2 protein chains.
Amino acid sequence: MTQPDYDDLKIENPPQTLREIVLERMRGAILSGRFKSGERLVERTLCDQLGVSRSVVREAIRYLEAEGLVEIMVNKGPMVARMDWAQAAQIYDIRMLLEQSAASACAALADDAVKAALRRALADLEAASAGDAGTSDAGTSDTGASNAGGGLFQATTRFYEVIFTAAGHHIAWEIVQRLNGRISRLRALTLATSDRHVSGPVRMARICAAIVANDPAAAAVAVRDHLAEAAQIARRLLENEGGK
Amino acid sequence: MTQPDYDDLKIENPPQTLREIVLERMRGAILSGRFKSGERLVERTLCDQLGVSRSVVREAIRYLEAEGLVEIMVNKGPMVARMDWAQAAQIYDIRMLLEQSAASACAALADDAVKAALRRALADLEAASAGDAGTSDAGTSDTGASNAGGGLFQATTRFYEVIFTAAGHHIAWEIVQRLNGRISRLRALTLATSDRHVSGPVRMARICAAIVANDPAAAAVAVRDHLAEAAQIARRLLENEGGK
DNA sequence: GATGGTATGTTGGTATACCATATGACCACA
DNA sequence: TGTGGTCATATGGTATACCAACATACCATC
């Protein structure tokens, strides 16, 4: 039905609605810690901040509620969802299962194109890690989240996206992204911490090596080690916060 | 802070908003197949059907969109999400990981109270299976979904809820419920099918027995067998539909 | 200082209005 | 019969208004 010679004329991405833009902005503000865990989200205040009507704000809040990033308090309205270690632990456990499965499948299936894409993603991650280490010391806010939307975060996301996509685990990837959204502040703090025994990029390199070697078992082990350390650091951070 | 002698006076569940009621009704209509896969959801039509304003309907649609039960078509508006085998297969794979993990953990942890609860849930399931077999032949609609909200569906859900709750896998349970929502029509058809090699309740009994015996490995195996059969039947059903 | 009554402001819930865009029906013409 | 033009309708996007419930402030009384 489509005419192959005219595919390039097709408008693939229609203009975004206000609702979509507001959703992205609010999600970004939550993930970066700008809207803090437990903070009330007052509709009229958000309207002023975002310059839109309550209809748009309410629909965005509804979506974020379904995503688990916002909770509705009885008789109080919406607030940024809180996270304790018991919940975070479950999220890390689920990620362990889904990420190990994806890495194994990716290692079993990976062809040269996938390997090249993963190497590029790893290179970007290593570059971002070096770059963020330089800038994160300068001018970091007390939320510790100034790099949450930064290069390292996005590079890490891209790295795993290559793995999940190559494995064909699209739905699992959606789930992992949602879960990561809920622990994004923890992840930002984890990325920022400097007491890791082995740095993140080194662990990612191990994952990459296992996939490049088409070794599913080694890929699963590398993911396990990476996530176990990340969870351990996250636990310490949450417990130091005293359940905040 | 709370006075123990007056806990019974506390109002635990505030009255539901219209939005919550509409959300439940729409979700139920989608899960039961009343709103069919691929069917457009026209806002004004839904307002007439549900007797509420567009604000309420739109907020409910937004939530269902985030849940994956509704898709927004460009220049067309919302429709009930479609499901093909490639996606369903991924969902069964994820369920395999999460349900095996939960059953293992439950088997490792289960005390007498958990075992009793699981036995009761199994008994309800067996009763529902006998009852639905009797009534599903009588007056079943062409959607094959008249028992989707029925006893067997709910009993199956309750059975797994006991397992996930006892295991402490609350977030995994949320995810499984969401995923099951997306394949609810498939599950309804799977439950209704009579060509299973071993019936569902028999497989559930095996899961229950493994948990009662505090045998994590056997619990994982029983879950694997159960889901493998369910996925196989679902695949056949979808392929017979020709990708509908 | 504690407590109850009242007034006021805030805020979420819900309904409605308006607009722009897309679609479909219809018709004229070649 | 195919095509282009026109018009009407349908529908989602967005804004605004109104209301009720709740929280808070204030005051009088004990």
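In this text, all values refer to a predicted model and were calculated from it rather than measured experimentally. Quick note on labels: first sequence line is chain A, next is B, and so on, each numbered from 1.
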Point to revise | Minimum heavy-atom distance between B:Val57 and B:Cys47, given as atom pair plus value | key: CG2-SG, 3.9 Å
Study note, to complete from the structure: Across all chains, not counting sequence neighbours, the salt bridge (Lys or Arg N to Asp or Glu O under 4.0 Å) partners of B:Glu67 are B:Arg27, B:Arg178
Study note, to complete from the structure: For A:Arg58, the salt bridge (Lys or Arg N to Asp or Glu O under 4.0 Å) test, sequence neighbours excluded, returns A:Glu43, B:Glu59
Review point. Partners of B:Leu18 by side-chain contact (heavy atoms from CB on, under 4.5 Å), sequence neighbours excluded?
Key: B:Val52, B:Val56
Check your understanding: Listed by chain and number, what are the side-chain contact (heavy atoms from CB on, under 4.5 Å) partners of A:Ile21, not counting sequence neighbours?
Key -> A:Gln16, A:Arg25
Listed partners of [X] passing side-chain hydrogen bond (donor to acceptor under 3.5 Å, both in side chains), at least two apart:
| X | answer |
| --- | --- |
| B:Gln49 | none |
| B:Glu174 | none |
| B:Gln100 | none |
| A:Thr157 | none |

**Study point:** Those residues of residues 49-74 of chain A lying under 4.0 Å from DNA chain C by at least one heavy atom
**Key:** A:Arg54, A:Arg58, A:Arg62
Exercise for review: Enumerate the residues from residues 40-47 of chain A whose closest heavy atom to DNA chain C is under 4.0 Å, giving them by residue number; use none for an empty result.
Suggested key: A:Arg40, A:Leu41, A:Val42, A:Glu43, A:Arg44
What side-chain donor-acceptor pairs closer than 3.5 Å can you find for residues 162-170 of chain B, not counting sequence neighbours?
residue, atom, partner, partner atom, Å
B:Thr165, OG1, B:Glu161, O, 2.7

**Study point:** Outermost DNA chain C nucleotides near chain A [under 4.0 Å, heavy atoms]
**Key:** C:dT11 to C:dT14
